[in-house]
Amino acid sequence: MEKEKKKKKEYSTLKTVKRMLSVLKSYYPKLFVYAAIATVALGVNPFCSIFLPKVAIGTLEKGGDDVIRNLVISMAIYLAIAGVLAFLAEFMENLLTGEVMTVRMEYLRRQSEKIQKMDYKYAEDAKFFEKYDKAMSACNNNSDGVEGVYGKLMRFPAKIIALVGMIALGVSLNPIIVVALILHVAATMFVAAKAHDYEYARKEDLAKAGRKVGYYEKTSADFRFGKDIRIFNLRDRIMKNYKTEIRAYSGIKAMIENRRFALGFLSLFTLLVTNVAMYGLLAYKAYNGMPISDFTMYIALITTLLTAMIDLGKDVTFIRNEGQYVDDYFKMIDDDLISEGDKEVDASDSVEIVFDHVTFRYPNTEKDVFKDFSFTIHKGERLAVVGVNGAGKSTLVKLICGLYAPNEGHIYINGTDINEIKKENLYSLYSTVFQDFNILAFSLRDNVTCGVNGEKVNDEKVKEVLTKVGLGKKLEALDRGLDQMMLKVIDENGTDFSGGERQKLAIARALYKDAPMVIMDEPTAALDALAEAEIYESFADLVKGKTAIYVSHRLASTRFCDKIALFDNTGVREYGTHEELMEKKGEYYNMFVVQGKYYRENPNADAEEQAEMKECEVAV
């Protein structure tokens, strides 16, 4: 509770609005010109409907032989002016809407840039996304958040001008009317503000529940899950969980809406009092001789003034409420989410990695993946990392790449602490194939080159690496060659690769980058035995002169490496060459024998894989 109070104190609507206007001044100053023109048109336009009855009925009340002609002339002039103002108001409304949307796109671009540059640890932190859920959704649509607030701000001066004029007319009738209106609007704003405060206090609960609903919504609609859902009859289970999460989400929303409903009785009471005061007073004036033309004008005035004041009150409340999410956006943009060093590493002669008494656990967890872990990967060494699931093999890769920082101890890259190295320089050291690699809706060329270092693309090199990983024939079969779009998300004529072909493409991407260190985390998991054998055979050539880490469950791959590190839950359990570890007859020996036994006993095992295992056994 104290935390929530502190958050409320930190938020200032005026400071947020000031910053938003400062952004406009710096990047979109023409919007102020558009807003000024709109202010005139939108500010004057409401009075057309207020004075129209008075002009028409007033002309008739004067009578005379020319009453019809005078009425037609006055109506023609009046409607011409009103038409011009209405057209200008509508035109400026549309212009402002389009320009404000452009401003939102700039906010969205900055947000995207921030997310892409922030430390990777936040990308896997659910609490981070719960905290900044509303900040990230502040740019997601046209009606709320950034665009919603700007839209209200651009129209705010016009509404103030119109309101001041109508209040002046209302006071000329009786100040009590204006006072009653102000009280009702104040009550409406109070109710909206209190309801929002309660909703904001529950924003992380709402975000967490919404994230769960979103997962099942995506799962039930994503064609990638279609085969599993059908074959394993997961539909009922998914829908059951989906309904459970929807109920949980709806429960939170219901609590928020119930609070809003209860507070709404105050607004309803003030509305009744206001209507009694306004229309009662107007009826009294009419009873005592008020002209019909004035009576109709004041009826129109009261109706328009009530609507305008409520509308302005809603705008103020909207700016205050949605501004809080825009403030969250600014906090995320300002928040230091990047741990950046200022040094650069010279890796022209390969890379050495030293883990010095490293302890690491993932954010918001208590279990240490590594505890007081020390280990060295020497320059030019080809290291095979093997072990059971959950032993920390992929975590080792993430730490080496600087995606996570150790909680204790140090990691040195060529003698420099990894935390002191510039991220751009650090990432340039690695050509990595992750387990969960992604193919992008770019051309085949761009999927391989990825705009490495902004250099000019070398098409011959692209073709060369594709051929090396076994995609040469696939490339020749594509009508558009390297220009072929991948996936069908952007281009309906895009193509998609099989799981094995995707994995080859990921390896080609790593080879094209040609970084001084190659890291392959289960790079052949989706390949058939023959394709895997091709990668094994060319592995030495692919990583020649580089430091290389090869993470795999298949021990046949270890014979292509200089050293083998067997990981378990305590860290590195065994280390050495294949021959040395087989002689020890430890855990590596047991795992190797089990895999070898499978290939010997399984008559359907691929001959290439059996040959590999036999070669390794003979080497012992």
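Along the sequence shown, residues are numbered consecutively beginning with 1. Predicted, not measured: the structure shown is a model, and the values here were computed from it. What you see below is based on every heavy atom in this structure, not just the backbone, and it leaves out hydrogens, waters and symmetry mates.
- Lys208 contributes no side-chain N or O that, together with a main-chain N or O of Lys127, makes up a donor-acceptor pair within less than 3.5 Å.
- Taking the ring pair (Phe, Tyr, Trp, His ring centres under 6.0 Å) definition, one finds that His357 meets it with nothing, sequence neighbours left out.
- The backbone N or O of Tyr412 sits nowhere less than 3.5 Å from a side-chain atom of Asp356 that would complete a donor-acceptor pair.
- Listed by first then second residue, pairs satisfying side chain to side chain donor-acceptor pair (under 3.5 Å) with a partner in residues 90-101 read Glu93-Arg155, Thr97-Arg155, not counting sequence neighbours.
- Below 30°, between 30° and 60°, or above 60°: for Phe370 and Phe567 the angle between ring planes is above 60°, a perpendicular geometry.
- Side-chain atoms of Gln111 come within 3.5 Å of backbone atoms of Ala135 as a donor-acceptor pair (strictly under, hydrogens ignored).
- The pair Glu113-Arg110 does not meet the salt-bridge criterion, since no charged nitrogen lies less than 4.0 angstrom from a carboxylate oxygen.
- At a cut-off of 3.5 Å, with distance as the only test, no side-chain donor of Asp368 or Thr359 sits close to an acceptor on the other residue.
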Checking side-chain contact (heavy atoms from CB on, under 4.5 Å) for the pair Tyr27/Thr102: CA distance, chi angles, key distance, verdict?
CA-CA 11 Å; Tyr27 297 96; Thr102 302; over 6 Å; no

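- No side-chain heavy atom of Ile333 sits less than 4.5 Å from a side-chain heavy atom of Tyr107.
- Between the Lys117 side chain and the Ile338 main chain, no donor and acceptor come within less than 3.5 Å of each other.
- Here Phe442 pairs with Leu440, Asp446, Asn447 under the side-chain contact (heavy atoms from CB on, under 4.5 Å) rule; sequence neighbours left out.
- Listed by chain and number, the residues in a ring pair (Phe, Tyr, Trp, His ring centres under 6.0 Å) with Tyr430 amount to none (sequence neighbours excluded).
- Annotation: Tyr404 is in aromatic contact with Tyr362 [ring centroid separation under 6.0 Å].
- Not counting sequence neighbours, the partners of Asp491 by the salt bridge (charged side-chain N to carboxylate O under 4.0 Å, His left out) test are Arg480.
- Annotation: side chain of Asn258 is not in contact with side chain of Tyr198 (no heavy-atom distance under 4.5 Å).
- Between the side chain of Thr432 and the main chain of Ile519, no donor-acceptor pair closer than 3.5 Å is present.
- Counting heavy atoms from C-beta outward, Cys450 and Lys513 have side chains that stay 4.5 Å or more apart.
- Checking side-chain atoms of Ser26 against main-chain N and O of Ser22 turns up a donor-acceptor pair under 3.5 Å.
- Between the Asp521 side chain and the Val433 main chain, no donor and acceptor come within less than 3.5 Å of each other.
- Residues passing the side-chain contact (heavy atoms from CB on, under 4.5 Å) test with Asn425, sequence neighbours excluded: Glu344, Val345, Ile421, Lys422, Ser428.
- Side chain of Tyr216 to backbone of Thr244: no donor-acceptor contact under 3.5 angstrom is found.
- Residues forming a side-chain hydrogen bond (donor to acceptor under 3.5 Å, both in side chains) with Arg445 (at least two apart in sequence, or on another chain): Asp459, Asp483.
- Legend: salt bridge (charged side-chain N to carboxylate O under 4.0 Å, His left out) pairs involving residues 241-258, not counting sequence neighbours, sorted by first then second residue: Glu257-Arg260.
- Side-chain atoms of Asn141 come within 3.5 Å of backbone N or O of Ser143 as a donor-acceptor pair.
- When atom types are taken as modelled, the side chain of Asp335 and the backbone of Lys331 share no donor-acceptor pair closer than 3.5 angstrom.
- With sequence neighbours excluded, no residue forms a ring pair (Phe, Tyr, Trp, His ring centres under 6.0 Å) with Tyr215.
- Taking 4.0 Å as the cut-off between side-chain N and carboxylate O, Arg19 and Asp327 do not count as a salt-bridged pair.
- Every salt bridge (charged side-chain N to carboxylate O under 4.0 Å, His left out) that Asp514 has, sequence neighbours left out, goes to Lys546.
- Partners of Arg104 by salt bridge (charged side-chain N to carboxylate O under 4.0 Å, His left out), not counting sequence neighbours, listed by chain and number: Glu147.
- In this model, a donor atom of one side chain and an acceptor atom of the other lie less than 3.5 Å apart for Asp125 and Asn364.
- Checked against salt bridge (charged side-chain N to carboxylate O under 4.0 Å, His left out), Lys152 has the following partners two or more places apart in sequence or in another chain: Asp315.
- Heavy-atom minimum distance, Tyr325 versus Ala138: O-CB, 4.0 Å.
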